[in-house]
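Encoded as structure tokens, the structure appears first; notes follow it.
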Amino acid sequence: MRTSGTFVCLFNGPAFCLLLWIIQHAAESLLLSAPEVVKATNRGSVKVPCQYDLQYKENTKYWCRGKIYEFCRIVVKTPKNRSTNRTFIADDKEVGVFSVTMTSIRQSDEDKYWCVIATPGRNIFTGVSLLVSQAVTTPTTSTQITPIQDEKSSWVTLRWILFILMLCSLASTHIAEWRIKTARKI
């Protein structure tokens, strides 16, 4: 049986690539999660938890700075709970969370940061925006991932996957209908 050109184009063209990218991105978000935004005060400190799937407990983790992940600069990395002057990283392999603590925060620290797990091939990463306020009301701010945030993230991912599956189902139905109508005319 011959396939229609529309079907081949749909699944070998840009739409298929987009579908694969969305599915891969959704799957990666389940492997590593962190707060999208953390807030800190000038001269204060902040602790950012990066929660990961336990299959990556032996992988190197790092905290990277830069607007675009591919061009970010590594600030601190594991495996030995290393630190720089003002940044410290600790990996709790039992629960699957590596935490980055930044101290003596300055306005110039405000930027996009990345929680990263080094893997063969493409690394797994998620972005965190650090916002620094001038007010010095509370010297220490700690951000925790709550089960509600984690559950919300899972539902967002699931919603996208279901949307894509429904879209593919709709496209397949239309293609099948078109092929039936075309076959009847012959």
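Any value given below was found using the heavy atoms of this structure, including those in side chains, with hydrogens, waters and symmetry copies removed. Computed from a predicted structure; not experimentally measured.
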#### Entry: K93 and E58 ion-paired at < 4.0 Å
yes

Heavy-atom nearest pair, R106 first then V132, reads O-CG2, 3.6 Å

Output for pair (R73 CZ, W114 CH2), nearest 0.5 Å, gives 15.0 Å

Exactly one of V76, D109, L130, T87 clears side chain to side chain contact (heavy atoms under 4.5 Å, CB included) with R65, and that residue is D109

4.5 Å side-chain heavy-atom contact, I124 and Y52: no

Is the closest side-chain heavy-atom distance between V116 and K61 below 4.5 Å? no

- Message: Taking R43's backbone N and O only, do any of them form a donor-acceptor pair with S104's side chain (distance below 3.5 Å, no angle check)?
- Response: no

Looking only at heavy atoms, the pair that brings A34 and T126 closest together is CB-CG2, 3.9 Å

Please walk me through it: do V100 and K47 pass side chain to side chain contact (heavy atoms under 4.5 Å, CB included)?
-> CA-CA 6 Å; V100 177; K47 183 175 182 177; over 6 Å; no

- request: Taking only Lys NZ, Arg NE, NH1 and NH2, and the carboxylate oxygens of Asp or Glu, determine whether K57 and D91 approach each other closer than 4.0 Å.
  value: no

Value for OG (S99) from CD (Q51), rounded to nearest 0.5 Å, stands at 10.0 Å

Counting C-beta onward and ignoring hydrogens, is there a side-chain heavy-atom pair between Y56 and L31 closer than 4.5 Å? yes

Heavy-atom nearest pair, N123 first then A118, reads OD1-CA, 3.3 Å

Checklist entry - Can you check side chain to side chain contact (heavy atoms under 4.5 Å, CB included) on V48 and W63, steps first, answer last? => result CA-CA 10 Å; V48 182; W63 181 246; 4.1 Å; yes

salt_bridge(K112, E36) N-O dist < 4.0 Å: no

Heavy-atom closest pair (Y62 atom, K77 atom, distance to 0.1 Å) is CB-CB, 3.2 Å

> How far apart are the C-alpha atoms of I105 and N42, what are their side-chain angles, what is the distance that settles it, and do they pass the side chain to side chain contact (heavy atoms under 4.5 Å, CB included) test?
Replying inline: CA-CA 5 Å; I105 291 178; N42 201 22; 5.5 Å; no

Taking every heavy atom of C115 against every heavy atom of L32, the minimum-distance pair comes out as O-CD2, 3.3 Å

- Query: Just wondering, more than 12 heavy atoms not from Q107 lying within 6.0 Å of its CD?
  - Reply: yes

In this structure, CD of Q55 is separated from CG of D53 (nearest 0.5 Å) by 4.5 Å

Distance col, row H174:NE2 vs S169:OG, nearest 0.5 angstrom, shows 9.5 Å

Rounded to the nearest 0.5 Å, the OG1 atom of T182 sits from the CD atom of E177 at a distance of 10.0 Å

CH2 of W178 to OG1 of T173, rounded to nearest 0.5 Å, is 15.0 Å

_Do M102 and F88 have side chains that approach each other closer than 4.5 Å (heavy atoms only, starting at C-beta)?_
no

